[in-house]
There are 2 protein chains.
Amino acid sequence: METQNVSDMIEQYLKNILQEHQHIEIRRAEIAQQFDVVPSQINYVIKTRFTIQNGYLVESKRGGGGYIRIAKVRLLEDNQVLDLLITAIGTTVSQHDAIAVVQSLFEDKLISPREASLILATIDKDTLRINDTQTENAMRARILIGILNRLRFKS
Amino acid sequence: METQNVSDMIEQYLKNILQEHQHIEIRRAEIAQQFDVVPSQINYVIKTRFTIQNGYLVESKRGGGGYIRIAKVRLLEDNQVLDLLITAIGTTVSQHDAIAVVQSLFEDKLISPREASLILATIDKDTLRINDTQTENAMRARILIGILNRLRFKS
DNA sequence: GATAATAAAGTCAGGATTAGTCAAAGTGAT
DNA sequence: ATCACTTTGACTAATCCTGACTTTATTATC
């Protein structure tokens, strides 16, 4: 048992529920009150512990009837290829290298031809249309990594 | 889903009817009375939930015998609808609206769940991570329109 | 026909109710 | 003493709901 700060406790509480339910819907203020913390700490817990890499999808709505919904998705067991690619990409990637990544995904049968085509459209130089090459490559890296993280999902 | 404010209920009511009918024609005052809200809330519901991004076309008439007509359309069914959508997106689109478009494409079976997931990753605010909202929305618009054009020609 | 009365729907701004962001302060392990 | 992580709260943003006012179309009256 590690030291239990409040964030850990909130994390556990939510994950316990998620073991029996595919998704939960909470009202931020209620959970905050339940654990006697300020509402924004719930955001902190979600940001740090319910990430997409860990297989959690979060959506929310403000205003009357607002909520935060957390869903657990199943992840592929063997995602070593994806991890390697994500590491290789880092924070910046040229269009040339990005195309190579998509190509290898295709060859490994991780994506269909149609999906490859879609991905190529989004990371294309003409789509991004950013003047500064540095900024363009950083943006491309974020998009590509976002996609790779989605590929961890089991269908 | 489970969360229920009145706007959600009105939305659901209308969409239920639209599942069985191509279009519906309502009298604003009647629906308002039915749900015990002021008439202008019907406009609010329509403006926020029955947009072209959601795959709906709305027309109306004032004065005696006035009405509001809502029709469900398929985004890529004909170029007219697609043009409307592209015009609505223009050069800038919020994450909220972009999600609605992807959702519509999915409902029309133009993209698979997996493709939807990948597209959502690319237009996600946390993926793009651009400080300036205007710039972010412009980038999102380019990506989304790139995808729409690809779907138009290749599906 | 022209005008007035009536019958719709549309717009907009404001108050209420939620969640999100961000930076600063606090805490604890090394 | 430092560094990463946690906690806080002031400020921001989105969404819902309302009502006063506006616009448009039809119907009645002269």
Side-chain angles (χ1 to χ4, degrees), chain A residues 1-14 24-51 54 56-70, chain B residues 1-14 24-51 53-54 56-70 92-100 124-134 136-137 140:
Chain A
M1 303 288 155
E2 295 120 39
T3 39
Q4 292 274 299
N5 55 43
V6 186
S7 288
D8 289 338
M9 287 167 57
I10 296 171
E11 173 189 9
Q12 268 317 307
Y13 171 76
L14 296 175
I24 48 175
E25 198 173 291
I26 62 172
R27 327 196 100 231
R28 187 180 75 153
E30 268 182 19
I31 304 294
Q33 194 175 25
Q34 205 171 318
F35 287 90
D36 195 28
V37 297
V38 295
S40 63
Q41 182 153 0
I42 308 306
N43 297 87
Y44 172 72
V45 172
I46 287 174
K47 264 262 172 66
T48 54
R49 292 153 161 85
F50 291 86
T51 64
N54 292 326
Y56 294 95
L57 286 179
V58 179
E59 52 185 299
S60 62
K61 198 169 85 170
R62 309 184 196 190
Y67 58 81
I68 300 176
R69 186 179 303 148
I70 308 176
Chain B
M1 273 254 207
E2 303 96 19
T3 312
Q4 284 311 12
N5 51 51
V6 185
S7 289
D8 287 339
M9 287 167 54
I10 297 171
E11 172 190 7
Q12 210 46 59
Y13 171 77
L14 296 175
I24 49 175
E25 198 172 293
I26 63 173
R27 330 200 93 231
R28 186 180 76 155
E30 268 181 20
I31 304 292
Q33 194 174 25
Q34 203 171 321
F35 286 91
D36 195 28
V37 297
V38 295
S40 63
Q41 181 154 0
I42 307 306
N43 297 87
Y44 172 72
V45 171
I46 287 173
K47 218 172 61 181
T48 54
R49 293 152 161 86
F50 292 88
T51 65
Q53 290 91 339
N54 295 116
Y56 295 92
L57 287 180
V58 178
E59 51 184 293
S60 62
K61 204 177 82 171
R62 308 186 194 191
Y67 59 82
I68 301 176
R69 186 178 304 150
I70 309 176
T92 175
V93 64
S94 68
Q95 176 163 2
H96 182 273
D97 285 350
I99 289 174
D124 191 279
K125 173 174 156 308
D126 293 330
T127 297
L128 301 181
R129 217 176 306 154
I130 299 172
N131 267 336
D132 178 46
T133 306
Q134 283 309 110
E136 173 195 323
N137 288 349
R140 184 178 293 112

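In what follows, chains carry the letters A, B, and so on, assigned in the order in which the sequence lines appear, proteins first and then strands, with residues in each chain numbered from 1.
When rounded to the nearest whole Å, the span between CD of E11(A) and P of dT7(D) equals 12 Å. Protein atom CZ of F35(A) is 18 Å distant from nucleotide atom C1' of dT8(D), rounded to whole Å. Remark: P of dC16(D) and CD of Q12(B) are 14 Å apart, rounded to the nearest angstrom. We find that CG of D126(B) is positioned 18 Å from P of dA19(C), with the value rounded to whole Å. Taking atom CD1 of I10(A) as the reference point, atom P of dC5(D) lies 18 Å away to the nearest angstrom. Taking atom CD1 of I68(A) as the reference point, atom P of dA13(D) lies 18 Å away to the nearest angstrom. The separation between Q95(B) atom CD and dT21(C) atom C1' is 15 Å, rounded to whole Å. Between R49(A) atom CZ and dT7(D) atom C1' there is a gap of 12 Å when expressed in whole angstrom units.
Here the closest heavy-atom approach between residue S94(B) and residue N137(B) is recorded as CA-OD1, 3.7 Å.
The residue among V58(B) and E30(A) whose nearest nucleotide of DNA chain C is located toward the 5' end is V58(B). Projected onto DNA chain D by closest heavy-atom contact, V38(A) and V37(B) fall at different nucleotides, the more 5' of which corresponds to V38(A).
Checking the phosphate oxygens (OP1, OP2) of dA8(C), a side-chain nitrogen or oxygen of R27(B) falls inside 4.0 Å. OP1 and OP2 of dT21(C) both lie 4.0 Å or more from every side-chain N or O belonging to R28(A). Residue R69(B) has no polar side-chain atom (N or O) positioned under 4.0 Å from OP1 or OP2 of dA9(C).
With sequence neighbours excluded, the residues satisfying salt bridge (charged side-chain N to carboxylate O under 4.0 Å, His left out) with E11(A) are K15(A), R49(A). With sequence neighbours left out, the side-chain contact (heavy atoms from CB on, under 4.5 Å) criterion links K125(B) to Q95(B), E136(B), R140(B). When the salt bridge (charged side-chain N to carboxylate O under 4.0 Å, His left out) test is applied to E30(B), no partner is found at least two apart in sequence or on another chain. With sequence neighbours excluded, no residue forms a salt bridge (charged side-chain N to carboxylate O under 4.0 Å, His left out) with R129(B). Remark: D97(B) pairs with no residue by the side chain to side chain donor-acceptor pair (under 3.5 Å) rule, at least two apart or across chains. The ring-ring contact (aromatic ring centres under 6.0 Å, His included) check on F35(B) picks up Y13(B), with sequence neighbours excluded. With sequence neighbours excluded, the residues forming a side-chain contact (heavy atoms from CB on, under 4.5 Å) with D126(B) are D124(B), listed by chain and number. In this structure, D36(B) has no side chain to side chain donor-acceptor pair (under 3.5 Å) partners at least two apart in sequence or on a different chain. The side chain to side chain donor-acceptor pair (under 3.5 Å) search around S7(B) returns Q41(B), not counting sequence neighbours.
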Protein-nucleotides 26-28 of chain C N/O pairs closer than 3.5 Å?
none

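Other residues, nucleotides and ligands contribute only 12 or fewer heavy atoms inside 6.0 Å of the CD atom of Q33(B).
Comparing atom distances between the S60(B) side chain and each of dA9(C), dC16(D), dC17(D) picks out dA9(C) as nearest.
A donor and an acceptor atom, one from each side chain of N43(B) and S40(B), are nowhere located under 3.5 Å apart.
Near DNA chain D, defined here as any heavy-atom distance below 4.0 Å, the residues from residues 39-48 of chain A are S40(A), Q41(A), Y44(A), listed numerically.
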Next on the checklist: Walk along nucleotides 23-30 of chain D from 5' to 3' and tag each nucleotide B, S or - by protein heavy-atom contact under 4.0 Å, base first, then sugar-phosphate.
Outcome noted: BBBS----
